[in-house]
Amino acid sequence: MVHGVQSGHPGGSLGCTEFFAALFFKVMKHNPKFDMNAPNEDVFFLSNGHISPIYYSTLARAGYFEAKELATFRKINSRLQGHPATHEHLPGIRIASGSLGQGMSVAIGAALSKKLNKDPHVVFSLHGDGELNEGQIWESVLFAAHHKVDNLISTIDWNGQQIDGPTSKVMNLGDLAAKFKAFDWEVIHLEKGNDVDEVVATLEKAKTFIGKGKPIVILMKTAMGKGVDFMEGSHEWHGIAPNDEQLAKALAQNPETIGDY
């Protein structure tokens with residue numbers, strides 16, 4: 001998809017592939033017959049909206065729209081914009097995202113709405129580790145703990161890379177677990193974020209803390225560009241497209257098994 005328009009973000013998308021597969025096909029209770037209000041179902045918010053390729057791919061394979069529409073990614077008049085947006089009324093998209101730091105605030109609002117509606121379902125959100133540079137994240141982290149938003153599971157894609165380089169050099173995140181614990185969140189570690197079974201097990205573990213008075217965060221270790229040897233662990237693949245030769249190498253390492261789009 002990214003190669004087709006020579007634009008997009010392959011690194012983070014590949015790094016979160018296992019998370020999306022686990023969440024949408026094993027853990028989350030959701031309905032492809034899309035209702036913006038999501039009554040009686042779990043909901044998901046993508047905060048780091050630039051990894052839209054994996055989000056769109058997952059929604060298509062989960063039945064929200066036909067997979068052939070993936071070929072329109074980032075093209076003029078496509079519903080599949082570079083960052084997800086609601087104006088196009090694409091099923092599965094509840095907020096415009098990509099302006100980093102805002103997704104957790106929205107997820108908290110949705111979680112509180114479910115509480116008010118006596119809806120026992122769960123709100124999930126995903127965030128980049130570079131996104132934690134945004135002050136709004138920490139305001140919302142504080143708010144969620146104070147208001148005991150214990151039907152929220154937020155996952156941090158902790159790949160150690162952001163657009164300008166390693167997070168340790170751009171803005172060192174320090175001890176993330178200690179930070180979230182200090183803000184009174186339930187903290188769960190996921191060391192193998194690119195192992196589907198480990199992701200499923202960790203998400204299910206997180207659900208056992210629902211209703212216990214604390215918001216829940218999963219610190220998920222992943223590798224940017226996972227599955228493509230020349231992309232793995234490199235911030236340079238945050239937002240560039242592969243050329244023809246690189247695409248061929250990447251696809252050779254990831255043979256398709258369910259039919260191309």
Side-chain angles (χ1 to χ4, degrees), residues 19-20 22-49 55 58-59 62 64 84-86 89-128 131-132 134-157 176-177 179-190 199-220:
F19 171 83
F20 275 88
L23 183 66
F24 275 82
F25 296 101
K26 291 291 185 180
V27 177
M28 191 168 68
K29 309 300 182 185
H30 60 105
N31 187 355
K33 293 181 179 179
F34 184 63
D35 184 329
M36 181 64 83
N37 292 316
N40 302 310
E41 63 176 300
D42 297 336
V43 293
F44 169 73
F45 293 102
L46 175 65
S47 189
N48 49 329
Y55 193 16
T58 304
L59 289 173
Y64 283 80
T86 53
H89 304 291
L90 184 68
I93 305 300
R94 290 190 168 85
I95 61 165
S97 60
S99 186
L100 296 176
Q102 298 177 3
M104 189 176 289
S105 297
V106 176
I108 290 168
L112 288 173
S113 295
K114 287 210 174 280
K115 283 178 170 287
L116 289 170
N117 292 331
K118 309 299 183 185
D119 184 338
H121 291 80
V122 183
V123 176
F124 296 90
S125 65
L126 178 65
H127 312 266
E131 182 180 9
L132 302 187
E134 299 283 354
Q136 185 171 338
I137 287 284
W138 299 103
E139 292 180 56
S140 56
V141 167
L142 188 67
F143 180 97
H146 177 78
H147 291 279
K148 301 185 186 305
V149 186
D150 55 5
N151 56 339
L152 170 68
I153 299 174
S154 294
T155 298
I156 309 300
D157 176 24
L176 274 187
K179 285 181 170 66
F180 275 97
K181 286 178 181 177
F183 278 79
D184 205 24
W185 280 52
E186 189 67 47
V187 178
I188 298 174
H189 293 269
L190 172 52
V199 179
V200 171
T202 303
L203 285 166
E204 293 291 359
K205 177 182 177 181
K207 288 172 64 177
T208 66
F209 291 98
I210 294 295
K212 295 186 177 180
K214 293 183 178 183
I216 302 135
V217 64
I218 298 173
L219 301 179
M220 180 177 71

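Side chains of Val123 and Ile153 form no contact here, defined as non-hydrogen atoms less than 4.5 Å apart. Leu132 has its side chain within reach of Leu176: a pair of non-hydrogen atoms, C-beta onward, lies under 4.5 Å apart. A 4.5 Å side-chain heavy-atom check between Leu59 and Ile93 finds at least one atom pair inside the cut-off. Looking at heavy atoms from C-beta onward, Phe19 lies out of side-chain contact with Asp157 at the 4.5 angstrom threshold.
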Side-chain donor-acceptor contacts of residues 204-217 below 3.5 Å, not counting sequence neighbours, with atom names and distances?
unit_1	atom_1	unit_2	atom_2	d
Thr208	OG1	Lys205	O	2.5
Lys212	NZ	Thr208	O	3.3
Lys214	NZ	Asp184	OD1	3.3

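Proximity of the aromatic rings of Phe34 and His89 is defined here by a centroid distance below 6.0 angstrom, and this criterion is not met. Centroid-to-centroid, the aromatic rings of Phe44 and Tyr55 come within less than 6.0 Å.
Using a distance-only test at 3.5 Å, with no hydrogens or angles considered, a donor-acceptor pair links the side chain of Asn151 to the main chain of Ala111. Formation of a donor-acceptor pair under 3.5 Å by the Asp42 side chain with backbone atoms of Val122 is found in this model. With hydrogens and angles ignored, the 3.5 Å screen pairs a side-chain donor or acceptor of Asn31 with a backbone N or O of Lys33.
The two residues Lys29 and His121 come nearest to each other via the heavy atoms CB-CD2, 4.5 Å. Here the closest heavy-atom approach between residue Phe24 and residue His30 is recorded as O-NE2, 2.7 Å. Considering every non-hydrogen atom in both Gly101 and Glu131, the closest pair reads N-OE2, 2.8 Å. Here the closest heavy-atom approach between residue Val199 and residue Ala22 is recorded as CG1-CB, 3.6 Å. Taking every heavy atom of both residues into account, Val43 and Ala38 meet most closely at CG1-CB, 3.0 Å. What you find for Glu41 and Asp35 is that their closest heavy atoms are OE2-O, 4.4 Å.
Side chain to side chain, Gln102 and Ser47 fail the donor-acceptor criterion of an N or O pair below 3.5 Å.
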* Given side-chain contact (heavy atoms from CB on, under 4.5 Å), test Ile137 with Leu100 step by step and report yes or no. => CA-CA 9 Å; Ile137 287 284; Leu100 296 176; over 6 Å; no
* To do: Any chance you could lay out the side-chain contact (heavy atoms from CB on, under 4.5 Å) test for Phe124 and Leu203, step after step, and finish with the verdict?
  => CA-CA 10 Å; Phe124 296 90; Leu203 285 166; 4.3 Å; yes
* Please report the C-alpha distance between Tyr64 and Leu90 in whole Å, then the side-chain angles of each, then the deciding distance to 0.1 Å, and finally whether the side-chain contact (heavy atoms from CB on, under 4.5 Å) criterion is met. => CA-CA 8 Å; Tyr64 283 80; Leu90 184 68; over 6 Å; no
* Asked: Which is it for Val27 and Val200 under the side-chain contact (heavy atoms from CB on, under 4.5 Å) test, yes or no, and what are the steps along the way?
  -> CA-CA 7 Å; Val27 177; Val200 171; 4.3 Å; yes
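With sequence neighbours excluded, the residues forming a side chain to side chain contact (heavy atoms under 4.5 Å, CB included) with Ile95 are Phe45, Ser97, Val106, listed by chain and number. Looking at residues two or more places apart in sequence or on another chain, you find a ring pair (Phe, Tyr, Trp, His ring centres under 6.0 Å) between Phe183 and Trp138. Ser154 meets the side chain to side chain contact (heavy atoms under 4.5 Å, CB included) test with Met104, Ser125, His127, Leu152, Trp185; sequence neighbours excluded. When the side chain to side chain contact (heavy atoms under 4.5 Å, CB included) test is applied to Asp150, the partners found at least two apart in sequence or on another chain are Lys115. Applying the side chain to side chain contact (heavy atoms under 4.5 Å, CB included) rule to Lys181 yields the partners Val187; only residues at least two apart in sequence or on another chain are considered.
Taking OG1 from Thr202 and CG from Leu219, the interatomic distance works out to 11.0 Å, rounded to the nearest 0.5 Å. Interatomic distance, CG of Leu23 versus CG of Leu126, reported as 9.0 Å (0.5 Å rounding). With rounding to the nearest 0.5 Å, the separation of CD in Gln136 from OG in Ser99 is 8.5 Å.
Atom NE2 of His146 has 12 or fewer heavy atoms from other residues, nucleotides or ligands within 6.0 Å.
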